[in-house]
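Single-structure report; data block below.
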Amino acid sequence: MGEEKPISGGVWPTAKPFVNGGASGMLATCVIQPIDMVKVRIQLGQGSAAEVTKNMLKNEGFGTFYKGLSAGLLRQATYTTARLGSFKILTNKAIEANDGKPLPLYQKALCGLTAGAIGASVGSPADLALIRMQADATLPAAQRRHYTNAFHALSRIVADEGVLALWKGAGPTVVRAMALNMGMLASYDQSVEFCKDTLGFGEAATVLGASSVSGFFAAACSLPFDYVKTQIQKMQPDGEGKYPYTGSLDCAMKTLKSGGPFKFYTGFPVYCVRIAPHVMDLDIPEPNPEI
């Protein structure tokens, strides 16, 4: 009797990259949620990392570091699932078109940028809920919404501002995701080569070192967009119904005018630490444009 061949079709092979991507992202979120909270508070002008951490512990307690965790998990269940799953599908299609040959860098870049844009578009409502929940305690008492979970935040946003408000800040969110992918693509190959060939690292050390370097460059490329995204998603109308910014470009120009270019890099060290687990949590068998 001939040896049975594994079934290549079916639902699971298609769903697997989506499930694995979402699960790994949600696991990483449980680790970095306190760091993400500190990062957002820094971007909202609450002080340095040490000051923010001290004040949060003193005034709000340890539990506040996990405020917005439900939205963070929902974001990973949507954003990371769509991003990594679509990246896998896009690269597989590109490899088929190349007759099984490895993809050149520009094709990996296109797949990574496209997957990042798709994931960011899908995950934008959850990302908005996360920022609103993390920023709620920084607002004047009369403006606080006291969100209890991600779905409560989403329902309040729809009720107060309309359905389209769920995609507030979607522009810089998409650009941030694309810039983050591009930062990694530009550095990962060279980092692997340097760690393996020049420094003589083993496989595990090479992945760790290359991911760290790639994470640094991803942070450098994406943080300005992340800063603008946070400001746009956090803003609430004043007593006259006016918003502090008319859009992402207005926010960027006002930030540049008031604080200079380095204002966009507020909280850079914390941001690097914040994205590192998402980089290193992935199994990376080849140059990784996925995060």
Side-chain angles (χ1 to χ4, degrees), residues 8 13-25 28 75-127 167 169-196 206-207 210-226 228-229 248-249 252 264 271-272 275-276 278-291:
S8 57
T14 302
K16 183 178 178 181
F18 290 89
V19 174
N20 288 346
S24 65
R75 178 181 180 274
Q76 294 303 327
T78 52
Y79 165 65
T80 303
T81 298
R83 176 169 52 84
L84 297 187
S86 59
F87 175 78
K88 187 67 174 178
I89 291 174
L90 289 169
T91 52
N92 286 343
K93 292 294 184 181
I95 290 172
E96 288 180 13
N98 284 3
D99 298 323
K101 297 178 182 178
L103 300 182
L105 181 59
Y106 82 92
Q107 288 187 354
K108 290 177 182 175
L110 289 174
C111 291
L113 293 174
T114 303
I118 292 171
S121 299
V122 173
S124 187
D127 193 54
W167 279 270
T173 299
V174 170
V175 176
R176 170 196 176 275
M178 296 174 70
L180 198 149
N181 275 289
M182 203 63 219
M184 285 193 177
L185 280 168
S187 60
Y188 193 84
D189 279 337
Q190 292 298 322
S191 301
V192 168
E193 183 178 331
F194 179 76
C195 290
K196 184 180 292 185
T206 296
V207 170
S211 297
S212 299
V213 173
S214 296
F216 174 86
F217 283 103
C221 291
S222 64
L223 183 54
F225 304 105
D226 186 84
V228 172
K229 174 186 76 70
S248 301
L249 183 59
F264 293 104
Y271 186 63
C272 286
I275 68 171
H278 285 295
V279 182
M280 298 173 190
D281 188 58
L282 298 174
D283 180 21
I284 308 171
E286 58 181 355
N288 170 40
E290 297 181 354
I291 290 296

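- Nearest heavy-atom pair, A82 versus S86, reported as atom, atom and distance to 0.1 Å: O-OG, 2.5 Å.
- V174 is not listed as a side-chain neighbour of F225, based on a closest heavy-atom distance of 4.5 Å or more.
- Summarising the geometry, atom OG1 belonging to T81 is positioned 8.0 Å from atom CD belonging to Q76; distances are rounded to the nearest 0.5 Å.
- Contact detail for L180 and A218: the closest heavy-atom pair is O-CB, 3.6 Å.
- When all heavy atoms of C272 and A219 are compared, the pair lying nearest together is SG-CB, 3.7 Å.
- For the atom pair CZ (F194) and OG1 (T206), the distance works out to 11.0 Å, reported to the nearest 0.5 Å.
- At a threshold of 4.5 Å between non-hydrogen side-chain atoms, the residues Y79 and D127 do not count as touching.
- Rounding to the nearest 0.5 angstrom, the gap separating the CE atom in M178 from the OG atom in S222 is 13.0 Å.
- The distance from the CD1 atom of I95 to the NZ atom of K93 is 12.0 Å, given to the nearest 0.5 Å.
- When every heavy atom of C195 is checked against every heavy atom of A210, the shortest pair comes out as SG-N, 4.1 Å.
- L113 CG to L90 CG: the interatomic distance, rounded to the nearest 0.5 Å, is 11.0 Å.
- Closest approach of L223 and F264 over heavy atoms only: CG-O, 3.5 Å.
- Among all heavy-atom pairs drawn from S121 and W167, the shortest one is O-NE1, 3.1 Å.
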